Amino acid sequence: MLRAVSDTPILAAEISNASFAWPGGRGVEDVSLQVARGQIVTLLGPNGAGKSTVLKLLSGEINPDRGSVHVRGRPHSPEVRRGIGLVLQEPSTDDLMTLEETLTLHGRLFGLRGAALRERSAALLDALQIGDRATDRCETLSGGLRRRLDLARALLHEPELLLLDEPTLALDPDSSAAIWSALRERAAAGAAIVVCSNDTSEAESNADRVVIINGGRIQAEGTPSQLTANLRRDALELEWPDASDTDIAALQAWNEIGSVLRSADGLHLNVDGAVETVPRLFQQYGARISGIRIRESSLRDAWFQIVGVAMSDGEEVS
Amino acid sequence: MSGALLAAWALLARDLRAVVRSRSQLYSSLLMPLMLLAVLGTGVSSGLAPTSPRIIDGDYTSYLAPGMIAMTALFSSTFSSAGLYRDRESGLLRALLASPHGAPTIMFGKALAAILIGTVQALIVLVLAVVIPGIDLAWQFGWLGGAATVVATVLLLNVMLSGLSLLLAVRIKTMQGFHLIMNLALFPLFFLSGAFFPLDQVPAWLEIIGYINPLTYAVDLLHYASYADSPDGLIGPLIDTLVLGVLAVGMFAIGLRRAPRAF
């Protein structure tokens, strides 16, 4: 599908040198971000990195302590909020309402009325493959169907800026595919889409631009291919619990190894070619390596290099 | 109608629908006052034979009826506020607040629903009190004026309780905390409002607490309008209305103003 990304992208949202601290101390520091119309931007980072805070700055739920946030060139206001759609990290449905009623309520809050609201609601439910459940109460929906309803709610008023906090977290492949299909369609129509995620493979497949956040700061950004450009061809995940600093130093001296990172149960290597490196590894350290996983390098490895493998443990990097 | 009013109307409709569908809420708000009327009223009337001049002919059930109308409003308000916490915990409130309308508009819509639900439920208890044999409401100034006063009192009481709920939501972040406050503070205040026993014959310290208690003025006005056969011994409609009106408008306005801090 073609994306409406022009040579001179029109900015849908811009954060300039924004800092925000939560009472507990976490937050973001000196974050700058531009989101163009028609672009899907994924904010990648471990839990607590500051992704949701960036999303809240963009949605206007919080104001920066320093710096500024502009949406369509204007600071947040009720009129600006009219052009923003928000999908929260957790499903935000009322069990006692039907799907139709949920969309009717949110449509009315955004000034939609009558036949236009009914038609738009029905079309969205159909597009997200939940049209047959329109008159069912939300309490009967699975987690995946609730996420689709959340997305329908956020898309109902055709926002120019769509913000989603981990929209496909723990969903089945069908639900994830339905959600990404709707997002790509909306981006093709010119909306700017910002997605918080821990899922590097989804980001690699769907994002026009990836922003890696860690410790409240933007660590890297670019297209998935830009972020992976400096990686070697293959990634090796070694189960090697007793790997020492001396072992790591020795491996770093090998020409075919680009990087050596410590993980929870061993080492993560980025190498020129697994076929050449693995025999040599086993020749030297075979007795101490209890397992190995080999795959092509991907955005996941770029993430590892920026965030660190240990930092990523427990995250849904897939 | 402006966008904000339409938004408030949409929220009002949603909350009303939720209450109708949540039958346990609907029934329990009504059942407790009716149970107290039937059991406590009959038991005290026949078992303790109260002699206070404020309890006409020792008929405690009838004396209890106006207090039960106020209690229904209190129960209903508690449930509506619990709904606010449920919406906050489910994330729905955050989704609503992402709309172009500010927190005061969202909270206004929800508060309107709470006020309407509380008022209708309290008036159902009033109607039941009128039709149940054995409950004698005096309507000293005629039933029309009395009923209008009861409706106005119940409305003011619900507005005040809605404002209080908003203020509590600012300070108390969990539903458990909210229920704790309701149990520890509001129910004792209700017991000391004159709903269960006249305040003119209790020890001075209890009487002082009673007159500091805002609920006392609502219960007094309800007694004045529907139960008492003379204004003797009552605080009176002027002071009652003034205290209740000021508190209702004040609490509601402050509650709406501080609503954004509740999230």
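Please read all numbers here as calculations on a predicted model, not as lab measurements. Naming: A, B, ... by sequence-line order, numbering from 1 per chain. Any value given below was found using the heavy atoms of this structure, including those in side chains, with hydrogens, waters and symmetry copies removed.
Annotation: side chain of Leu6(B) is not in contact with side chain of Leu109(A) (no heavy-atom distance under 4.5 Å). In this structure the side chain of Arg14(B) never reaches within 4.5 angstrom of the side chain of Thr104(A), judged on heavy atoms.
In this structure, chain B has a heavy atom under 4.5 Å from the side chain of Leu86(A), while its backbone stays farther away. In this structure, chain B has no heavy atom under 4.5 Å from any part of Ser59(A).
Per-residue counts of heavy-atom pairs under 4.5 Å with chain A were compared for Pro100(B), Gly102(B), Ala8(B); the largest is that of Pro100(B). For the set Ala154(A), Gly85(A), Gly60(A), Pro78(A), the entry with the most heavy-atom pairs within less than 4.5 Å of chain B is Pro78(A). Contact count versus chain A (heavy atoms, under 4.5 Å) is highest, among Gly109(B), Ala95(B), Ala10(B), for Ala95(B). Comparing His157(A), Arg108(A), Lys56(A) by how many heavy-atom pairs each has under 4.5 Å with chain B, the most go to Lys56(A).
More than 12 non-hydrogen atoms from other residues, nucleotides or ligands lie less than 6.0 angstrom from CZ of Arg186(A). Around atom CZ of Arg113(A), more than 12 heavy atoms belonging to other residues, nucleotides or ligands sit under 6.0 Å away. In the displayed structure, Glu90(A) atom CD is contacted under 6.0 Å by at most 12 heavy atoms of other residues, nucleotides or ligands.
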Problem set entry | Evaluation steps, side chain to side chain contact (heavy atoms under 4.5 Å, CB included), between Arg86(B) and Leu96(A) | CA-CA 12 Å; Arg86(B) 269 197 305 277; Leu96(A) 293 174; over 6 Å; no
For this session: Evaluate the criterion side chain to side chain contact (heavy atoms under 4.5 Å, CB included) for residue pair Leu92(B) and Thr93(A); output intermediate values, then yes/no.
Result: CA-CA 6 Å; Leu92(B) 180 67; Thr93(A) 49; over 6 Å; no
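Taking CG of Asp165(A) as the start and CZ of Arg94(B) as the end, the distance is 6.5 Å to the nearest 0.5 Å. Atom OG of Ser99(B) is separated from atom CZ of Arg81(A) by 7.0 Å, given to the nearest 0.5 angstrom.
Between Glu101(A) and Arg21(B) there is a salt bridge, since a side-chain N of the basic residue sits under 4.0 Å from a carboxylate O of the acidic one.
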